[in-house]
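Following: one structure in structure tokens, then a few remarks.
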Amino acid sequence: QSVLTQPPSASGTPGQRVSISCSGGGSNIGSNSVNWYQHFPGVAPKLLMYTDDKRPSGVPDRFSGSKSGTSASLAISGLRSEDEADYYCAAWDDSLNGWVFGGGTKLTVL
Amino acid sequence: EVQLVESGGGLVKPGASLRLSCAGSGYTFSAHSLNWVRQAPGKGLEWVSSITSNSAYVYYADSVKARFTISRDNAKSSLYLQMDSLTVEDTAVYYCARGVGGNHQKLHSFDNWGQGTLVTVSS
């Protein structure tokens with residue numbers, strides 16, 4: 001059971017907008033920023049969003065992040081087939097004194 | 001180009017030890033914290049351990065505390081993970097990842113990752 005809760009799956013058709021939620025608590029998301037990672041099976045994970053809503057260089061602006069209270073969200077607009085991957089949220093947990101990840105959301109582009 | 005290359009994985013029996021390495025290049029190795037993150041078969045990413053740039057602070061997940069030891073040698077641009085008393089639950093691909101951000105770990109994100117090394121614990 002992951003400390004951060006994500007839906008196990010999400011889906012959308014090309015061009016649609018999809019959103020992936022990440023729910024935590026006061027010691028993690030409620031106190032610290034959230035990062036998002038994109039992971040294609042068999043390759044290295046990639047930083048997709050940091051400090052809640054900042055995109056690293058090279059990440060398309062179709063990806064956006066937000067946070068409110070103890071929940072965060074990753075939105076992908078203009079969905080493309082190449083977005084089909086696993087997405088993970090992560091945050092520092094002050095009580096555990098370490099990083100916690102969400103269980104991951106498998107995004108399918110129909 | 002930043003590169004992180006893990007090595008040292010393999011098949012071991014329960015109770016055995018294994019030492020993973022991660023060689024960094026393409027950046028000032030000593031300026032960044034480093035992390036180990038693993039993914040068990042069919043499971044999600046799980047943070048394992050972190051070490052600050054000068055080795056002053058180390059952090060461990062409860063699942064590996066007292067069994068795993070993280071260390072680094074900045075002169076060799078290398079990160080290590082000594083894994084003792086391995087169990088079948090430690091079977092996973094182990095990734096090393098570079099940390100970037102503010103002064104404390106909690107401000108960081110993992111901006112570059114290696115390709116991973118597979119550790120299989122089985123009798």
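Protein chains get the first letters and strands the later ones, always in sequence-line order, with residue 1 at the start of each. The basis for the numbers below is simple: all heavy atoms, side chains too, and nothing from hydrogens, waters or symmetry mates.
- Interface summary for chain B: among A/Gly42, A/Gly98, A/Pro56, the most heavy-atom pairs under 4.5 angstrom belong to A/Gly98.
- With a 6.0 Å radius and a threshold of 12 heavy atoms from other residues, nucleotides or ligands, B/Tyr57 has its OH atom at or below the threshold.
- Sparse packing is recorded around NZ of B/Lys43, with 12 or fewer heavy atoms of other residues, nucleotides or ligands lying under 6.0 Å away.
- In this structure, A/Trp99 and B/His108 approach most closely via the heavy-atom pair CH2-O, 2.9 Å.
- Note that OG of B/Ser109 and CG of A/Leu48 are 11.5 Å apart. Values are rounded to the nearest 0.5 Å.
- Here B/Leu45 contributes atom CG and A/Phe101 contributes atom CZ; the two are 5.5 Å apart, rounded to the nearest 0.5 Å.
- Looking at every heavy atom in both residues, B/Gly114 comes nearest to A/Ala44 through O-CB, 3.1 Å.
- Residue A/Val100 is not grouped with residue A/Tyr88 when hydrophobic side chains (ILVMFWY) are merged at heavy-atom distances under 4.5 angstrom, including chains of intermediate members.
- To the nearest 0.5 angstrom, B/Arg98 atom CZ is 10.5 Å from A/Leu47 atom CG.
- For B/Asn112, no part lies under 4.5 angstrom from a heavy atom of chain A.
- Note on B/Tyr94: it clusters hydrophobically with B/Tyr60, by side-chain heavy-atom contacts below 4.5 Å among ILVMFWY residues.
- Under the 4.5 Å side-chain criterion, counting only non-hydrogen atoms from C-beta, A/His39 is in contact with B/Tyr95.
- Each of B/Tyr59 and B/Tyr80 belongs to its own hydrophobic cluster when Ile, Leu, Val, Met, Phe, Trp and Tyr are linked at side-chain heavy-atom distances under 4.5 angstrom.
- Taken together through direct or relayed side-chain contacts under 4.5 Å among Ile, Leu, Val, Met, Phe, Trp and Tyr, A/Tyr50 and A/Phe63 form parts of separate hydrophobic clusters.
- Note that the NZ atom of B/Lys106 and the CG atom of A/Asn97 stand 8.5 Å from one another [nearest 0.5 Å].
- Using modelled atom types, one side-chain atom of A/Tyr37 and one backbone atom of B/Phe110 make a donor-acceptor pair closer than 3.5 Å.
- The part of A/Asp94 that comes within reach of chain B is its side chain, from C-beta onward, which places non-hydrogen atoms under 4.5 angstrom from that chain.
- In this structure, OG1 on A/Thr51 lies 8.0 Å from CG on B/Leu107, to the nearest 0.5 angstrom.
- Under a hydrophobic clustering in which Ile, Leu, Val, Met, Phe, Trp and Tyr are joined whenever their side-chain heavy atoms come within less than 4.5 Å, directly or via other members, B/Trp36 and B/Val121 fall into the same cluster.
- The backbone N or O of B/Asp111 sits nowhere less than 3.5 Å from a side-chain atom of A/Asn35 that would complete a donor-acceptor pair.
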